[in-house]
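These notes are about the structure you will find just below.
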Amino acid sequence: MAVTSHFLEGKRIIVVGGGIAGCTFVAALYKLWNPNLRLPEIIVLERDPRDVRPNNYSISLHGDSVNGGLVALRQLGLLDETLKHSIFGLRSGQFKMWDSNWKELMSTQPRPWGDLPTSSMRIQRSDLEQMLVMEAERANATFHWGVECTGAERLDNGRIRIAVEDETGVKDNHECDFLVVADGAQSKLRAALRPHDDLKYAGAVQIGGKAEFPHGIPEPIEENWGLLLSGKGVCCYFSAVDKDTVVWALSQQRPEPDTRTSVSTPDRFAVLKEEALRLGNMFSEPFRTIVESTSPSSAFVTAAMEKEPFRHDDPSLKRTVFIGDANHAVSAFAGNGANLALKDGWDLAENICHGSSLHNAVAAYDRLGFARAAEAIKSSHQKIDFAHCTSVKDSLLRAGLATGRWFMRLKGM
Ligand SMILES: Cc1cc2nc3c(=O)[nH]c(=O)nc-3n(C[C@H](O)[C@H](O)[C@H](O)COP(=O)(O)OP(=O)(O)OC[C@H]3O[C@@H](n4cnc5c(N)ncnc54)[C@H](O)[C@@H]3O)c2cc1C
């Protein structure tokens, strides 16, 4: 029998945050919606202006399991377009681990899931975001750019009111029947609705930046990305961002997060560079050259932060769903937050389009999203321990690598 109604037909959905998770949700809802039914009205409230998206870096997208972001992109019909932006193309670009002399310890090449053409690729975040925004705009969603959401409250009639403020400080509010919160790791709406559910320090600090190589990126990171391991509690991550630029991040486990905020002024940058060269003094060239070629404006210090996922069974969250980093932030060591955001967006839309009620759809989404994020956080802890191992652990690790056991445990990296 033909379906003649849907619980969100003609209702208003507000999506807070037009990033990876938010735009994926909008695009997926439009793609999966029964064309015989009236679409819900979809409004996206995004803090940044449309074409000014800060924080560009490269991210790895996985396609080695059903939980990979490449699976969601194929479901959205965006896989071919995504692959066109692949930094390394399809044939090269493996995740490698090297010792301090750049001798290869391991290279991961998991099998692609199903008939995907690759099990992983790297893309600039801005390219991925741009594609998703355009797809969400095609979905007839109304975007309000440059509008920051500052809070939300449930009204007596069951609807939700969202408070917003624009760039000039003008305050306003919007009401909706269903709220999707996708405003990232520092979610303002999570702070308002779940004030005790904040980010926690995951025990490691990274310092780094982007190094410019106008005449070509040095080997072996011109074709691969990965980790330089010292076995002395320090490691360094490298990945090309484009054909001239490499992002690097040297890290160490520390009891407390680093409190430095800006490190791009000349004197602070000099201190950061000196610190990197001292901590990484066991690493052979091109480590020093990369650090020396870093542009001050790109320098950063970041503490690995994370937040366990939560389900939406709390009655105060009725008609509200948190997806992506707003629900479960994973640290950069997971290398998985964008993959989770893509899958969350797709899964929530799919369960809504095929569900019999909002309650059932959200419960079905929670079963997928919660388990996936909990596993990613567990795996990121293993990666932090492993990447900063000291010599004793290191030798055990090398023995493990030789028998291939670590390969199985780290294949999501
Ligand atoms: C250096 C680095 C490297 C990374 N590498 C990888 C990787 O290799 N692989 C991987 O999978 N992941 C990686 N990640 C993680 C990944 O980028 C994030 O997990 C992902 O962007 C989360 O997507 P999201 O949509 O949930 O949040 P975001 O991408 O943060 O999007 C949130 C959106 O909400 C908007 N917003 C924020 N606050 C408000 C507000 N109050 N009102 C309205 N709008 C708001 C923001 O402007 C933004 O557009 C990396 C992250 C970093 C920092």
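Atoms within each ligand, like the ligands themselves, are counted from 1 in listed order.
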Problem set entry | contact_flag V147 ligand 1 heavy-atom lt 4.0 Å | yes
Seminar exercise, completed: With heavy atoms and a 4.0 Å threshold, my read on which part of N336 contacts ligand 1 is backbone
Problem set entry | Sequence neighbours excluded - salt bridge (charged side-chain N to carboxylate O under 4.0 Å, His left out) pairs with any residue from residues 6-28 | R12-E41
Problem set entry | Selected option - heavy-atom contact closest to atom 9 (N) of ligand 1, from P49, S60, A338 | S60
Seminar exercise, completed: Nearest non-hydrogen contact to atom 41 (N) of ligand 1 from the set G19, G184, C149 belongs to C149
Exercise. Between A21 and ligand 1, which residue portion shows a heavy-atom distance shorter than 4.0 Å: side chain, backbone, both, or neither?
Worked result: both
Problem set entry | Pairwise side-chain hydrogen bond (donor to acceptor under 3.5 Å, both in side chains) hits with a residue in residues 284-294, at least two apart | N101-S284, W248-T294, K273-E292, E285-T289, R288-E292
Exercise. For ligand 1, does A182 get within less than 4.0 Å through its side chain, its backbone, both, or neither, judged by non-hydrogen atoms?
Worked result: backbone
Exercise. Are the aromatic rings of F213 and H215 close, with centres under 6.0 Å apart?
Worked result: no
Exercise. Of all the atoms in ligand 1, which lie at a distance below 4.0 Å from a heavy atom belonging to G335?
Worked result: 7 (C), 9 (N), 10 (C), 11 (O)
For this session: Return the option from E129, H144, H328, R125 holding the heavy atom at the smallest distance from atom 29 (O) of ligand 1.
Result: R125
Problem set entry | Nearest-option assignment for atom 3 (C) of ligand 1, heavy atoms, candidates Y57, F322, F25, F300 | Y57
For this session: For G324, take its heavy atoms, then give the atoms of ligand 1 lying under 4.0 Å from any of them.
Result: 26 (O)
